[in-house]
Asks: 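Here it is, the structure, as structure tokens.
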Amino acid sequence: MRTVDLRSDTVTQPTPEMRRAMARAEVGDDVYGEDPTVRALEELAASLVGKEAALFVPSGTMGNQAAVLTHTARGDEVVVEQEAHIYWYEAGGMALLSGVQVRPLRGERGALDPQDVEAAIRPADVHFPRTSLVCLENTHNRAGGTVWPSDRLDAVCRVAHGSDCAVHLDGARIFNAQIATGTSAARLAAGADSVMFCLSKGLAAPVGSILAGSHDFIGRARKSRKVLGGAMRQAGMMAAAGIVALRTMVDRLAEDHEQARRLAEGLAVVPGLQVDPRQVETNMVMVGLKGSGADFCRALAGRGVKAGLMDRHRVRLVTHKDVAREDIDYAVAAIAAVAGGG
Ligand code: TLP
């Protein structure tokens, strides 16, 4: 039976070129700052997102959490969109590691309204926590891989900065946003003080993410990474794959977006499913169901198609480089059969 894994783009296998680069990588002890391959990746990554400096971290979660730890003090408040990854999927890390409280706001397809952000930022008052950080996510995962309108992104950053509040951008899939909009990642991240992006999702590196920002911020974040246990030694083995990811895997994300659109168009006509192809902006398709999402995923797995459960009545399908064109056709047929009770 064919297997089509649409749970996430995190399942992508490293390319042969990545494996070769990993085997050949020149390495050193990165805690001493002596790994030339990590240094090269950090320089390349910083330049791609238009920041002064960057830090290689083992995961997107650590990149986000190191950013929060670096930007905030205990007891501060952090404004987030209520469906944000940093709030939903990071195991309460902000409270646990940074001792901050979270102020979730409702967004529109993942994007916050600048006026809501302005209203949420606390004035100086002895009763109030200090609002020190606003976290944004682009593309937005739970909203369905949606891209922020760039004027809105700029407006939220302006509002935050106007109140002395820093902005962290969870750009785990910022290169999907770049490909979808034709706007560079550097431009998309321009208003943010820090940006995290992942090498290990659609870009297919086996491990690792990047946290980027000013020299001063990254110097402090290096210490945050240390305290979180993320300072690695001969990490150039992994960084080498990251360099290949950034050099060779960004432009092809367009294929993932096209496949997601094809998948959504195939599913839109299946009775019993709620799928709107017009809502597909990048590599994710959200499927609304009448019945149980868990049962749906189980039945699909029986046909070799793996889907991700998002909510009780919603599943997520993510396209990536290891999904072939025929896999999409196969998945549409399998999903239609399951939706039809087959
Ligand atoms: N997202 C994963 C799961 O954790 C849900 C996925 O399959 O989509 N920010 C965003 C927007 C993400 O989507 C993810 C991973 C992360 C951060 C965390 O990255 P990792 O998994 O490297 O810690």
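Both counts, for ligands and for their atoms, begin at 1 and track the order of listing.
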Asks: Should we say atom CZ of Arg103 is surrounded by more than 12 heavy atoms from elsewhere, each under 6.0 Å from it?
Replies: yes
Asks: Is there at least one pair of N or O atoms, one from Thr139 and one from ligand 1, spaced under 3.5 Å apart?
Replies: no
Asks: One thing to verify: whether Arg220 and Asp216 come together as a salt bridge, which I'm taking to mean a side-chain N less than 4.0 angstrom from a carboxylate O.
Replies: yes
Asks: May I ask you to check whether Asp170 has an N/O atom sitting below 3.5 Å from an N/O atom of ligand 1?
Replies: yes
Asks: Which of the atoms in ligand 1, numbered in the order shown and given with their element, are less than 4.0 Å from a heavy-atom of Ala172?
Replies: 9 (N), 10 (C), 11 (C), 12 (C)
Asks: Looking only at non-hydrogen atoms, which of Met310, Met196, Arg173 approaches atom 8 (O) of ligand 1 most closely?
Replies: Arg173
Asks: Should Arg142 and Glu81 count as an ion pair when the cut-off is N to O under 4.0 Å?
Replies: no
Asks: Please confirm whether Gly60 comes within less than 3.5 Å of ligand 1 when only nitrogen or oxygen atoms on both sides are compared.
Replies: yes
Asks: Answer yes or no: does atom OH of Tyr87 have more than 12 heavy-atom neighbours from other residues, nucleotides or ligands under 6.0 Å?
Replies: no
Asks: One residue to check: Ser59. Relative to ligand 1, which of side chain, backbone, both or neither has a non-hydrogen atom less than 4.0 Å away?
Replies: both
Asks: Hey, is ligand 1 close enough to Ser8 that some N/O pair sits below 3.5 Å?
Replies: yes
Asks: Around atom CD of Glu108, are there more than 12 heavy atoms from other residues, nucleotides or ligands closer than 6.0 Å?
Replies: no
Asks: With nothing but distance in play, are any N or O atoms of Glu137 less than 3.5 Å from an N or O of ligand 1?
Replies: no
Asks: Could you tell me which atoms of ligand 1, counted from 1 in the order shown, lie closer than 4.0 angstrom to a heavy atom of Thr61?
Replies: 18 (C), 19 (O), 20 (P), 23 (O)
Asks: Using heavy atoms and a threshold below 4.0 Å, how should the contact between Asp9 and ligand 1 be classified: side chain, backbone, both, or neither?
Replies: neither
Asks: Below 30° counts as parallel, above 60° as perpendicular, anything between as tilted: where do the rings of Phe175 and Phe197 land?
Replies: perpendicular
Asks: Near Glu90, which atoms of ligand 1 are under 4.0 Å from a heavy atom of that residue?
Replies: 17 (C)
Asks: Given Lys201, Arg316, His85, which has its nearest heavy atom closest to atom 6 (C) of ligand 1?
Replies: Arg316
Asks: Can you confirm whether more than 12 heavy atoms, excluding those of Glu52, are under 6.0 Å from its CD atom?
Replies: yes
Asks: Do Ser132 and His71 have side-chain N/O donor and acceptor atoms under 3.5 Å apart?
Replies: no
Asks: Heavy-atom distances under 4.0 Å are what count here, so tell me which part of Arg7 touches ligand 1: side chain, backbone, both or neither.
Replies: neither
Asks: Under 4.0 Å between a side-chain nitrogen and a carboxylate oxygen: does that hold for Asp113 and Arg106?
Replies: no
